[in-house]
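So the structure is just underneath, and the comments pick up after that.
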Amino acid sequence: MKKKNKKLLKTSLAVALVSGIGVAALRKKGVTGVMKSGMTENMSMTNTMVKEKMFGIRQEIASQKLKPSSNFPLIHLPEGYEIEKVIDGLTYPTSVAWDNEGTLYVAEAGGAFKDEEGAEARILRIENGQATEVVNLTGKIYPAISGMTWHDGAFYITHREMDLSGAVSKVTMDGEVTQLIGGIVDAKSDHQPNDLRVGRDGKMYVCSGIGGNSGFMDQNVMAAVKRAPDGHPTTAKDIVLTGVNIELPNFLKDSPDLIQTGAFVPFGTVTTPGQVIKGRNKCGGAILAFDLDDPEGTVKPYAWGFRNVIGIAWNKAGDMFASVNGYDNAPGRPIKDVYDGTYRVKKDAWYGWPDFLANFDPVIDEKYRPISSSIAPVYIDGKRRERKLYFLIDHEASGLKQPDKSLITGLHEVNSSPSKVDIAPESWGEYADQLFVAEFGNMEWLTNPARDKPAGSRISVINTKKNGAQKVQPFIQNEEPAPASHLGKQGEGIERPYDMKFGPDGAMYIVDFSSLLVNLNRLARDKGAFPVDFHMKTGIVWKVTKK
């Protein structure tokens, strides 16, 4: 078959799958007929939908190489590896760590990042399949532990303060809590500080999530705005705005009246072209670094321009890698991205948020243009503008350029939500020094209403020995790529992996957060509620070893 015909057939297959025609139509109508039919039946199909569908197909083909576990047949992984449960019945576990003696500890977030459920934030010691509470942090922090590591005889955690801003604290075995840095404004919105680890230089590195989805405090973060109206995205360095504002209902006052709001400011604040937003040392959308002997005095952004940066790790050569939860294709300023990203981290580099996609293409590129009706009305200098996406930052005036695509390490399926990461030890043979990524998975209807199938809920692997984007390969996932509870087999398979670390014994430990269910009825009862039901006592820690 000629290359041109192969390409045409490949495109036709994607068209058929996206438009719902089906593969059988290829045989009945032929390539040309299916293309015409597909275009006719689904005129709204775009190039990004084709790419997304083809990406998913490639991932499904790669997953066919995995084999069922003998312990849990629902779970598939490479031949020669086995998975077992270390412990279950946990409530919202987010992190694992080991002390100097190799004892395993787990952090339970408390409240699933909300305070209405009454779950406690605490640290548990895990021995012989039993959990023993070591530290209870109730009343000492806002119940929202996201990251935990062990260093020099103590735990270090990321969390929210009582005013909901982000913080990093040291926790001793006797329960003493010492805050090291605080006041990260972005955490008052939907994304808080996440993973933290001590680098080879002795500095503490912290992943700090950005406020909001794509630049504005819009309806996607309505619940957060009601709880903390001063929350907003911040920046590491001074930037100049283009002055784009969007018009929304004034949900802060539960009013039908419309109100304009700008980028990088609290809800209801109007911005103007040329307005300067000052950079902060304790900002969101960044990897922060500080000296442990003087945290507040030394904290600075190491790299910035991420969305919700979750996990960091270093390979044998000392290269840093970071995983990032990408945009949601949600009303306000919807970003119709095709991927989520994992990146090689370069000091002082800007990674493009909120004006570039996971693959570093500009969000204003026509091939990524969302449906105009999902874009909020746009105003600049008080004048109504065309309903489309605009850059929010004046890049030239801000001294910023399109991010370097060589920094892309791997591109994950959109909404797969790459979370914490780690590098495999030498004992893992062919996988040694490769980057493993926990993919938390999407939340149907919230992250992308157009999704027709789940994404994520698995462990993937990326070869970091080469520069530039590499293929993201599935390593552990369920027989069908979906949470076990969605398959009617809760507790028998992977659910929502959030953390993934290699222990001192060389085994991989996976922290499975919990099962959850999107519940829009919460919004009907309370417009400020987060529309997700998290299920207590469904968290699991898994252990993966070579046979």
Side-chain angles (χ1 to χ4, degrees), residues 163-166 181-193 206-218 220-221 224-225 228-248 252 259-289 299-309 324 327 332-333 335 348-357 360 362-364 376 378-383 385 389-403:
D163 69 350
L164 301 181
S165 59
I181 63 170
I184 302 174
V185 173
D186 298 71
K188 293 188 175 186
S189 184
D190 50 341
H191 300 137
Q192 69 174 75
V206 181
C207 297
S208 178
I210 201 73
N213 176 38
S214 59
F216 300 101
M217 292 290 96
D218 53 25
N220 300 295
V221 289
V225 169
D230 59 333
H232 62 280
T234 59
T235 175
K237 297 183 179 180
D238 293 359
I239 58 171
V240 179
L241 299 180
T242 56
V244 174
N245 299 280
I246 58 175
E247 187 177 64
L248 301 169
L252 188 59
I259 189 172
Q260 291 183 28
T261 189
F264 291 94
V265 291
F267 177 75
T269 306
V270 175
T271 60
T272 57
Q275 180 175 337
V276 175
I277 300 293
K278 301 296 291 183
R280 305 182 181 204
N281 285 333
K282 293 183 288 187
C283 63
I287 296 170
L288 309 179
V299 61
K300 290 183 178 179
Y302 182 82
W304 63 297
F306 301 102
R307 187 177 174 271
N308 191 20
V309 55
V324 180
Y327 301 100
R333 186 176 184 249
I335 306 296
D348 295 326
W350 178 64
Y351 284 76
W353 187 92
D355 289 339
F356 291 88
L357 302 170
F360 295 158
V363 300
I364 62 172
V378 177
Y379 290 81
I380 302 176
D381 260 345
K383 297 179 181 178
R385 302 300 174 98
L389 297 185
Y390 297 82
F391 282 147
L392 303 185
I393 300 174
D394 184 330
H395 304 136
E396 183 177 0
S398 303
L400 298 174
K401 296 181 179 179
Q402 182 172 351

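As the structure is a computational prediction, the values presented were derived from the model and not from experiment. Throughout, numbering of the chain's residues begins at 1 and tracks the sequence.
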**Request:** Heavy atoms only: give me the nearest K282-L288 pair and the separation to one decimal.
**Result:** CA-CD1, 4.3 Å
**Message:** Side chains of M217 and S189, heavy atoms from C-beta outward: is any pair under 4.5 Å?
**Reply:** yes
**Request:** Start with the C-alpha distance between N245 and T261, add both sets of side-chain angles, then the distance that settles side chain to side chain donor-acceptor pair (under 3.5 Å), and finish with yes or no.
**Result:** CA-CA 5 Å; N245 299 280; T261 189; over 6 Å; no
**Asked** Any side-chain heavy-atom pair from K237 and I239 closer than 4.5 angstrom?
**Response** no
**Prompt:** Quick one: are P229 and F267 in side-chain contact, heavy atoms under 4.5 Å?
**Reply:** no
**Item:** Non-hydrogen side-chain atoms of P193 and I184 separated by less than 4.5 Å
**Value:** yes
**Exercise: identify the closest heavy-atom pair between A263 and T271** = O-CG2, 3.8 Å
**Asked** Do Y327 and F356 have their ring centres less than 6.0 Å from each other?
**Response** no
**Prompt:** Looking at side-chain heavy atoms only, is the closest gap between F216 and V244 below 4.5 Å?
**Reply:** yes
**Message:** What I'd like to find out is whether the side chain of P273 reaches to under 4.5 Å of the side chain of D381, using heavy atoms alone.
**Reply:** yes
**Item:** Expected output: side-chain H395 to main-chain K401 donor-acceptor under 3.5 Å
**Value:** no
**Message:** Measuring only between side-chain heavy atoms, which start at C-beta, is V185 closer than 4.5 Å to S165?
**Reply:** no
**Message:** side chain to side chain contact (heavy atoms under 4.5 Å, CB included) for V225 and D218? Distances and angles first, verdict last.
**Reply:** CA-CA 9 Å; V225 169; D218 53 25; over 6 Å; no
**S208 side-chain N/O to A286 backbone N/O, donor-acceptor pair under 3.5 Å** = no
**Item:** D190 side, atom CG; N220 side, atom CG - distance, nearest 0.5 Å
**Value:** 8.0 Å
**Message:** If you compare all heavy atoms of V221 against all heavy atoms of G212, which two are closest, and at what distance to 0.1 Å?
**Reply:** CG1-CA, 3.9 Å
**Backbone N/O of T269 and side chain of Q260: donor-acceptor pair under 3.5 Å** = no
**Item:** R333 side-chain N/O to Y390 backbone N/O, donor-acceptor pair under 3.5 Å
**Value:** yes
**Request:** With the side chain counted from C-beta on, respond yes when I246 and Y379 share a heavy-atom pair under 4.5 Å apart, and no when they do not.
**Result:** no
**Asked** How about W353 and F264: are their ring centroids closer than 6.0 Å?
**Response** yes
**Item:** Residues W350, I393; criterion side chain to side chain contact (heavy atoms under 4.5 Å, CB included); working and verdict
**Value:** CA-CA 13 Å; W350 178 64; I393 300 174; 4.2 Å; yes
**Request:** Please determine if D230 and K188 form a salt bridge, counting it only when a charged side-chain N lies under 4.0 Å from a carboxylate O.
**Result:** yes
**Message:** The criterion is side-chain hydrogen bond (donor to acceptor under 3.5 Å, both in side chains); which residues satisfy it with K278, sequence neighbours excluded?
**Reply:** D238
**Request:** For the pair D355 and R307, find out whether any cationic side-chain nitrogen is under 4.0 Å from an anionic carboxylate oxygen.
**Result:** no
**OG on S214 to CG on L392, rounded to 0.5 Å** = 7.0 Å
**Asked** Excluding sequence neighbours, so at least two apart, what forms side-chain hydrogen bond (donor to acceptor under 3.5 Å, both in side chains) with N281?
**Response** none
**Request:** Using modelled atom types only, decide if a donor and an acceptor are shared between the side chain of D186 and the backbone of G285 within a distance under 3.5 Å.
**Result:** no
**Prompt:** Backbone N or O of G284 within a donor-acceptor pair of the T234 side chain at under 3.5 Å?
**Reply:** yes
**Prompt:** Rounded to the nearest 0.5 Å, how far apart are CD of Q192 and CD1 of I210?
**Reply:** 14.0 Å
**Any donor-acceptor N or O pair under 3.5 Å, side chains T242, D394** = no
